[in-house]
Amino acid sequence: MPGNEPASSASMMSDGSVSGGSDNLTSENSDESTSQGSDELVAAVGTHGGEPETGFNPITGWGYSREPLVQSTLLKKDSNGSLITDLATNYSVSDDGLTWVVNIRDDVKFHDGVPLTAKDVAFTFNTAANSSGVDLSVLKNAVALDNYTVEFKLDDPRTTFIHKLVALGIVPEHAYNETYGEHPIGSGPYRFVEWDKGQQAIFEANPDYYGQKPYFKKITLLFMQSDTAFAAAKSGQVDLAEIPSSYANQKVDGMKMVSLSSIDARGITFPMQPDTGKKTENGYSIGNNVTSDPAIRKALNIGIDRQALIDGALNGQGEEEFTGVDKLPWGNKEAIFEDGNVDEAKKILADGGWKDADGGGILEKNGLKAEFTLLYPSSAQERQALAVSLGEEAKKLGINIKVEGKSWDEIDTLAHSTPVVFGYGSLDPTDLYLKYYSKSYDPADYNNIILYNNSVVDNYLRTAITSTDQDTANKNWQLAAWDGTTGFSEKGNATWLWIATINYLYIMDEDIDIGTPKIQPHGADIFGNILEWKRTGN
């Protein structure tokens, strides 16, 4: 999910382990800016990472994949995706992987002046484990061993627990209640000032922050949709705005376009089971007779031209994606393949028994036409564009895709039987486990919504998530995609049609220097390295 972090010099090695971390170094901002520009920032957000429905409360999901501004976390990831410390000074894991011990700084205060201790850390994790906002189902309990040492007991060895230490902002036990999200107190670089629901939220720099002091003393977030945000930028009302890819070639005097690479992948689910009349416990249909045919899934994966979709539907603002995790340490390069091969795709379909029996251009098999509906959330412009463009590509193969925009409530009732354009992008490989492990099925969170079941893949996923060694974990994550014989990728079962990782596009004042941004997760994290930001005065 800042690159110039306070705290220690710890870093994550290529295997995912942390080196260093015991020096408890701070990085004070010794470079005084000579800029005459404003030290206040007004940003229009809303398309991604906008207003939190439940407020600025980490326990209900605030900041889970992005910089929370108000709260501190135990660990963070820098602009290279390497682990660095924040509140934590170091940590250790027992040989059996069930006990994690984290030491924290002794110089941190909440914004109300009360010292932050291990009791607050334990309270935060125990409370989150009993809520629905954060998945901490593996956590048995957290206990403060002393003021600056917290112990986490797990029910199951879990290499991915490290990512929970990155994701969850720490809240004060003494000031936490049911309205905390509306008036949050934390220990992060910014203090909460006010929230006008539906309009804006205001934050001011924390003068007692233990790390590098932020250049911007005040940040105002305006909650706007993309078109309104662009208009506000053009009229000089905002310093920065997230805008859709369709505006990539627009010019605005005094402003620049910044396109940020992401791991936020767009992919199409393929219901894996045929439609036999089965229903979910809520009465929703399960299965699809077209997408349950591997020839359809493989032909679409190989036959479509991903770069053409990016150039057209995304206005060039994206990169090809083949497995959903290509850019991550647990991505398997052996699972990547050549796409845009229409002839090979047609051969796969023909060998699978799909023929154009009536000369109408749409293939058939045993009286069944090669056609299906593809859903996208009606509020997502780029997903609509990708769905329409995919439909055009599919016609070259003799497959008819009918595109429909729906609300998420409607998609909930149809996703077991109908392909959907989804977006995923996490720096936590737990995402893979939830997406492909047969027993992880949970329609409430779209976990394994395609009802994929491959015992070999299951074994790799379980080995990866329970291993106490990051090298072993990453190797097994990779084998789950493709082991030379089977896997969830196109070379194996072709469970999804991954298309692209999208770029996040921003327009901002020319004199804003955003340093080295973090690679963006699903939902964006534009402020992920906010401590590096400044104005240059140019």
Would you call [X] and [Y] a salt bridge, taking side-chain N to carboxylate O under 4.0 Å as the test?
X: D293; Y: K365; value: yes
X: E382; Y: R266; value: yes
X: D156; Y: R462; value: yes
X: K164; Y: D428; value: yes
X: E392; Y: K395; value: yes

Just grab all the ring-ring contact (aromatic ring centres under 6.0 Å, His included) pairs involving residues 253-297, residues at least two apart or on different chains.
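Not a single pair qualifies under ring-ring contact (aromatic ring centres under 6.0 Å, His included).
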
Would you confirm whether [X], through its side chain, and [Y], through its main-chain N or O, come within 3.5 Å as a donor-acceptor pair?
X: T269; Y: V420; result: yes
X: N447; Y: Y441; result: no
X: K327; Y: S262; result: yes
X: E532; Y: N529; result: no
X: R297; Y: A494; result: yes
X: S389; Y: A385; result: yes
X: D483; Y: T486; result: yes
X: D356; Y: G360; result: yes
X: T418; Y: A415; result: no
X: D326; Y: F322; result: yes

Residues forming a ring-ring contact (aromatic ring centres under 6.0 Å, His included) with W498, sequence neighbours excluded:
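Listed in chain order: W496.
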
Verify whether the ring centers belonging to W482 and F488 lie closer than 6.0 Å.
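Centroid separation for W482 and F488: 6.0 Å or greater.
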
Looking only at the aromatic ring of each residue, does the gap between the centers of H522 and Y504 stay below 6.0 angstrom?
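Centroid distance Y504-H522: not below 6.0 Å, so no.
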
If you count the non-hydrogen atoms of other residues, nucleotides and ligands that lie under 6.0 Å from CD in E364, is the total more than 12?
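Above 12, so yes.
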
Counting only heavy atoms not in K333, do more than 12 fall under 6.0 Å of its NZ?
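At most 12 heavy atoms, drawn from other residues, nucleotides or ligands, come within 6.0 Å of this atom.
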
Parallel under 30°, tilted from 30 to 60°, perpendicular over 60°: which one fits the rings of W330 and H163?
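Aromatic pair W330/H163 classed perpendicular.
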
